[in-house]
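Below, read A as the first sequence line, B as the second, and so on, with proteins coming before strands; counting in each chain starts at 1. Excluded from the calculations below are hydrogen atoms, water molecules and symmetry mates; all remaining heavy atoms, backbone and side chain alike, are included.
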Amino acid sequence: MSDDPFVIAGVEFPSRLILGTGGAPSMRVVDEVIAASGTAMCTVAMRRISPGTSGSLIDVLERRGVRILPNTAGCRTAQEAVRTAELAREALSTDWVKLEVVADERTLLPDAVELLDAAETLVAQGFTVLPYTNDDPVLARRLQQAGCVAVMPLGSPIGSGLGILNPHNIELIVAEARVPVILDAGIGTASDAALAMELGCAAVLLASSVTRAQHPAAMATAVAAAVTAGRLARLAGRIPKRHHAQASSPTEGMAVL
Amino acid sequence: MSDDPFVIAGVEFPSRLILGTGGAPSMRVVDEVIAASGTAMCTVAMRRISPGTSGSLIDVLERRGVRILPNTAGCRTAQEAVRTAELAREALSTDWVKLEVVADERTLLPDAVELLDAAETLVAQGFTVLPYTNDDPVLARRLQQAGCVAVMPLGSPIGSGLGILNPHNIELIVAEARVPVILDAGIGTASDAALAMELGCAAVLLASSVTRAQHPAAMATAVAAAVTAGRLARLAGRIPKRHHAQASSPTEGMAVL
Amino acid sequence: MSDDPFVIAGVEFPSRLILGTGGAPSMRVVDEVIAASGTAMCTVAMRRISPGTSGSLIDVLERRGVRILPNTAGCRTAQEAVRTAELAREALSTDWVKLEVVADERTLLPDAVELLDAAETLVAQGFTVLPYTNDDPVLARRLQQAGCVAVMPLGSPIGSGLGILNPHNIELIVAEARVPVILDAGIGTASDAALAMELGCAAVLLASSVTRAQHPAAMATAVAAAVTAGRLARLAGRIPKRHHAQASSPTEGMAVL
Amino acid sequence: MSDDPFVIAGVEFPSRLILGTGGAPSMRVVDEVIAASGTAMCTVAMRRISPGTSGSLIDVLERRGVRILPNTAGCRTAQEAVRTAELAREALSTDWVKLEVVADERTLLPDAVELLDAAETLVAQGFTVLPYTNDDPVLARRLQQAGCVAVMPLGSPIGSGLGILNPHNIELIVAEARVPVILDAGIGTASDAALAMELGCAAVLLASSVTRAQHPAAMATAVAAAVTAGRLARLAGRIPKRHHAQASSPTEGMAVL
Amino acid sequence: MKLTVNGAPRELDDATTLARLLDDQPARGVAAAVDGEVVPRAEWAGFRLAEGQAVEVLTAVQGG
Amino acid sequence: MKLTVNGAPRELDDATTLARLLDDQPARGVAAAVDGEVVPRAEWAGFRLAEGQAVEVLTAVQGG
Amino acid sequence: MKLTVNGAPRELDDATTLARLLDDQPARGVAAAVDGEVVPRAEWAGFRLAEGQAVEVLTAVQGG
Amino acid sequence: MKLTVNGAPRELDDATTLARLLDDQPARGVAAAVDGEVVPRAEWAGFRLAEGQAVEVLTAVQGG
C-alpha cells in the first residue's frame, strides 16, 4: 500500500487529483484551492490576450510548483485543437496537452472522430497527449493505440455535477487500459471522486465541483481526501456485496435472559 | 469549517467514524484498525465468558483510549436487550448502549416494536441509548421522542456491503432530526461512507467493511478519509446538479485558427 | 402461464391493478380511468358528508362493477383508523379495508406501531385487512402474523412519483410473504409498475400516477399494460444479468470479405 | 393518443417492437415469439450457407408477414460491413440494413469510426441504414447527418440484460433526434423496454431477452406489452417527481373520532 | 338542545332521534357515529340524541 | 445442589456464594445475572446461590 | 482448377461458371461474392470462375 | 497596411515585424500565430507582417 506511485508518461505525481482552474471567482481562490487540494498539476485554457490579462495565473501556478497542463477547450475541429496545442507549447514550453475537441456548447461532449484525428496528429508531432473523451471503451482503446499517454473519460457532462452516470463503462475502460485512466468531468462532490477511484481510475480531474462550490477551499480539501480514500479502498480490497446480512457480532455465546 | 464539533449526549468526539470490532481475525488487527481509523469509540458485544476469553479486547480499547460502546447484538426481544444492557453497564461501567433488537438472523433487521419498547425502558432506567434502526423516518422520530441521544439508521443489511439503498429516507431522517444521525450498517467501501456524510449524517458506524476487507488497516484509513471528505463536502456546499453542461473554460476569447 | 389467478382472501380478481380514485379532477375522469385500466377494485376515502356530496362516486363504481375498498386515509392513530373502518363497513357493507395510519401529512409515511395495533384490533373484529405499510420486511412479517390478508408496502412516498426507491426491501418482503404483496404508493409511470411486478409483487395499487397525469385515461391504459407486462416477465424467467456481452448472431460462419 | 404512427423511412410499422431472431433454440420458437410479440420487423444475420441450412427462416418470416432486416453482425471493419450489406441486398432483395460494426467479441461495442465510415458509404450506395450505435449523443448526431434513417443506441452491451445504464444519454439523443431513436441491445426484461419508451425512444429492438428467456413466447408477450405501456405513458404525460408526499385522499372533511 | 354535527354546532328539539336528524340523507353509502361510537342504521330510529353529543356522518369520497 | 452456569449444568456445595463460584473471574469486564436479574459485583460475596438457579456470566467480546 | 468456396478448398473443372458451382443452391435467399465482389444472381450463368479465386456464398440465418 | 489582430482590424506601418507589434507583451506565457501558423518567439524579430494577415496572440487563462 505504502508504495503506490502515480505516473503519467514517466513523470511521477505526488497527488492523484488534477485540478482545473476554470470557474474560480478570483486568482486568490485559485491559489487557495491549489493549496487545499495538494494537487500537482493544473489545467489552463488558451485565449486571446487582452490588455487586462495579467500573467498572474502562471505566476500563481509556478509559485505553487504545480505542473501546467494546457487544454484545447472550446475547439470544435482537429485543426483548431492542433493549432491551439502548438500555441500552448510555444507559450508555456510544454508539449503536454489536455486534448479537448467538443461537438457543441450545450453538451460539451467530445467528438470522437475529430478527437481521434487530433490525437494522432499531435502524437506524430511529439506531443504528450491526455485526451478528454466520452465513456466509450472502444474510443478509449483507439486513443491508446494512437499513442495517448492517458485516457480521460467523462463521468457525466462537464460542469453538470451528475457524477458517474455509467460506472460499467468506466470499469470496462479500466479493465483493458495500459495507460492511466483519469476520470474527467462530471464530478459533483466527494463521493463521486471516491467512486471514480474505486472503479479503478488512476486519478481524477475536476474543476467546477471545487471552483464553483460555496466554499471552494473546503471542497478542494474534501475531494482530495476522497481521492485518497477511494484509491486506498480500491487497494484494500472491499468486501463482496451480499444479498443477505452477515452478523458482525458472534452468534454463539448468547446468554439466556 | 474549522470548528465543526461532533457531540453525542454532551460528549465531544474527535472522530466521526465509530468502529465495530466484530469480524476482525485477530486482536492485532483490532488494534491496527483502531489506530488506522483514528476512531474515538468502538462497539463490543456481550457474550458468555469462556475459559479461553482473555480480557485483552478491553485492554486494547483502553490502551488506544477509545470509548467503549457495548451493543445488544443478537437480542430478539426488548427484555433480552434491556438485560444485556444492564449486564454491560455492570461489566463496563458505562450507561451508553448501542441498542440492537433484531427480528431474525437472516436479515438482522431491527424489529420496530421491540426496539422502541426497549428504548423507552432503557431511557427510563437512565441509559444513554443509541439505537440501531431501519431507515424509516417515522421510527427514527419516535426513537428521538423516546429520549434516544442519537438515531442510527441502516444503509442496507448488516455486513451486506450494499451501501445506502435508500438515500431519500436518510435525507428525510436527517432533515427533521434533533439528535445526531449515525449511518449504521451496510457500508461496503469508502464512497458509501462519504455519501452518508454528504446526505447529512453526523457520523458513520461500520465494522465488516473494514475488519473483513482484504487489508483491514488500509480500508480503515480509507473510510476515515472518506468520512472526513464527505463531511467537508456537505459543509462546503456542492454545486447543483445540471441536466446540461456548463463550460469550465471561458467561451469568449477563442482564437480563429 | 395461462392460469395465473390473483386471489386475495379467497376472492379472485381479474386484474392485478388496484386503482385509487383520489386526485381525479371529475367523476367523469374516475369513470374513464376505471374503464381504461380494467381494474376490478377501487379505493375510496371516508369523509364527512356535505350537502353537495352526491352519491355519484358509489354509483360509478357499482356501474363499473368494481369492488369498493374503503381506506382509512388521514388517520393518525389506531383508534381513528379502527372507528373509520367501522363506519366504512356500516356505510358500504364491506368488511374489507385498506388500513392506513400515517405519522404526519408531509411524508404520509405509515406509523409502524399504530398500524400494527390497528391491524390487530381490526382482524379481531373480523375485518379483512389490507395494510398500507412501509418497505420494512419485519413490519410486513408482523402484519401477516397479525392476520392481514395482504401487505401493501410503499415504493416511495404517496404521490411522489419516485417509483421504487428500495427494490431490495421489496424483494425481501416478497421472498417470505405468505399473502399477496401489493406495491402501494410511489408509482410514477408505467416502468415503475412493471418493475414492481418483476420484483414479485402480486399486484400494484396506484392513484396519483393515473388520476393526476396529463391524460389520465391514457396513463390508466399504460399502467395496466405495464402490470400485465411485468407479471408475465416475472413468470417468463428473465435472462441473467451478465457483465460482458453475449452475441445474438452466430459467431461462426462469417464470410471473409 | 389514438393516432400515433411509427414510421421509418416513410414506411409505417404497426408495432414498435423489432425482434432479433438470434438465440432462439429452434425455428418453432422463432415462429412463436414473432406471433406472441406482434412484431412487424425481424433482424437476420448473413452467414456462409451450409448443406444443412434450410431456407426455413425466411419462410417463417414471410409467412408471418414481417419485414426482414438483415444485419452486419460480426463485422469489424467498414469494408466487411459494406460487403455484407451488399450480399444481404442481393440475397433478400432489400436495401434496408441494420448496420453493425463492432470492435471486439467481448464487448461487442460499436467502433465509432468504422461505423460512421460504413454508414456514409452505404447511404451513398442507396441503402436505407439503421445503425446500431453506442449511447454517445454526438455519434448519433453524426450518423443522422450521414443520412441514416434511424439511430439505434444501446442500453448496455448486447445480451448483457443490464438494461439502460445511462438514461441521461438516451434522453440527450432523443432530445435532438430528427429520425426515430430505437433502443437496441441491453434490454433484460419488460420494465427496461417500458423505460426506453418513456425516455422517448420510438421503438425497441431486442433478441436475447426474449429468445433466451425461460419461456420465450411469454416474454415476447411481456416486452410487447411493455413497449406499448411505455409509449402510452410517454404520451400520457407522467406526474412530476416530488421530494415529499402529496395526499391522494382529501385532507379536509376528516371526522373527529 | 345543543349538539355538534360534523363539527358544526346544531340546535335540535329535545329527544330528536338520529333517524330524524339524518332523514335527508341518501339511503345508502352513509354511516353515523355518536361520540365516536358507530350507530348502525337499523338503530337510528330508536336512537335518541342527547345534549352535547357529537355526531359524525360520513360517506365515501374519492380517495387513494 | 444443581445449577446451570452459562447454559451448562454444574454441581455445587449448598449455599455457595456467587463470589465463590466466580472467584476465578478477572477483576473487571465481567458481569453476572442469576435467573435473569443482574447481581452487582459488590453483592457477589453475600449472594447465596440456590438449587436450580441459572447463572449467566458475561464479558465483552468483539462485536459490530 | 483450385478455388476456395466458403473457406474450403475446392477442385473444379476449368472455366466452371458460378451458376454451375451453385446450381444446388435454393432459388432465393442466397448471394455470392467472388474475391469480395458481389456477383448478382443474374450474372452467375455467365460468370466464369478462375484459378485461385475465393467464392463466398451466404444466406440469412437467425441473428440479433 | 491593414491587418487583423485577435479579431480586430489594425492599421500598421508597412513591413512592421511581429516583434514590433508585440513588443508590449509580457516576456513569457504568450504565443502568436499568423494566418494560423505559429511563429516561434525567436522568429518574431525577423517576421515581417503583410497586408491582410490575421495575427492571433494567445496566453493562458483559467480553464477546466
Side-chain angles (χ1 to χ4, degrees), chain C residues 1 20 22-23 45 47-48 71 73-74 79-80 83-84 105-108 157-162 188-191 194-195 198 207-209 212-215 218-219 221-223 225-226 228-230 232-233 235-242 244-251 253-255 257, chain D residues 1 20 22-23 45 47-48 71 73-74 79-80 83-84 105-108 157-162 188-191 194-195 198 207-209 212-215 218-219 221-223 225-226 228-230 232-233 235-242 244-251 253-255 257:
Chain C
M1 229 61 59
R47 293 291 183 269
R48 284 169 169 171
N71 67 29
Q79 174 178 296
E80 279 181 279
R83 288 180 166 176
T84 300
E105 287 196 350
R106 208 179 82 270
T107 68
L108 294 177
I158 292 172
S160 69
L162 293 175
T189 184
S191 56
L195 174 59
E198 289 165 353
S208 303
S209 54
R212 295 191 163 112
Q214 287 173 39
H215 304 286
M219 187 57 89
T221 308
V223 292
T228 301
L232 261 176
L235 299 175
R238 63 157 291 159
I239 55 172
K241 294 185 178 184
R242 309 163 57 94
H244 289 122
Q246 178 181 36
S248 53
S249 295
T251 49
M254 289 290 296
L257 300 168
Chain D
M1 227 63 57
R47 292 292 181 269
R48 283 169 169 171
N71 68 29
Q79 174 177 295
E80 279 182 278
R83 288 178 166 177
T84 301
E105 286 196 351
R106 209 179 80 270
T107 69
L108 293 177
I158 291 172
S160 70
L162 293 175
T189 184
S191 56
L195 174 59
E198 289 164 352
S208 303
S209 54
R212 295 192 165 111
Q214 287 173 41
H215 303 287
M219 187 58 89
T221 309
V223 293
T228 302
L232 261 176
L235 299 176
R238 63 157 291 159
I239 54 173
K241 294 185 177 184
R242 309 162 57 93
H244 287 122
Q246 177 182 37
S248 52
S249 295
T251 49
M254 289 291 295
L257 300 169

- request: Check whether T228(C) gets within reach of chain D through its side chain, its backbone, both or neither, counting any heavy atom under 4.5 Å.
  value: neither
Nearest atoms (heavy-atom pairs only) where G188(D) meets I239(C): O-CG1, 4.0 Å
- prompt: Just how far is it from atom CE of M254(D) to atom CD of E80(C), taken to the nearest 0.5 Å?
  reply: 5.5 Å
message: Closer than 3.5 angstrom, by distance alone: can the side chain of R47(D) be matched with the main-chain N or O of S249(C) as a donor-acceptor pair?
response: no
message: Between T251(D), I158(D), T84(D), who has the most heavy-atom pairs with chain C when the cutoff is under 4.5 Å?
response: I158(D)
- prompt: If every non-hydrogen atom of L257(D) is compared with every non-hydrogen atom of Q79(C), which pair is closest and at what distance?
  reply: O-NE2, 3.0 Å
- request: Please look at T189(D) and chain C and tell me whether the side chain, the backbone, both or neither of the residue comes under 4.5 angstrom of a heavy atom of that chain.
  value: both
- request: Evaluate the side-chain proximity of R242(D) to P157(C): yes if any heavy-atom separation is below 4.5 Å, no if none is.
  value: no
task: Name the member of A247(C), G20(C), A73(C), A194(C) that forms the most heavy-atom pairs with chain D at distances under 4.5 Å.
output: A247(C)
- request: Please determine, among A255(C), P250(C), A213(C), P240(C), the option with the most heavy-atom pairs under 4.5 Å with chain D.
  value: P250(C)
- prompt: Looking at S160(C), G161(C), A233(C), G23(C), which has the largest count of heavy-atom pairs under 4.5 Å with chain D?
  reply: S160(C)
query: Given a strict heavy-atom distance threshold of 4.5 Å, which part of A207(D) is in contact with chain C: side chain, backbone, both, or neither?
result: side chain
Considering all heavy atoms, the nearest A229(C)-A222(D) contact: CB-O, 3.2 Å
task: For H215(D) and L235(C), work out which heavy atoms get closest and say how close.
output: CD2-O, 3.3 Å
message: Going by side chain to side chain donor-acceptor pair (under 3.5 Å), name the residues that satisfy it together with S191(D), two or more places apart in sequence or in a different chain.
response: E198(C)
field: Considering all heavy atoms, the nearest M219(D)-R238(C) contact
entry: CE-CA, 3.7 Å
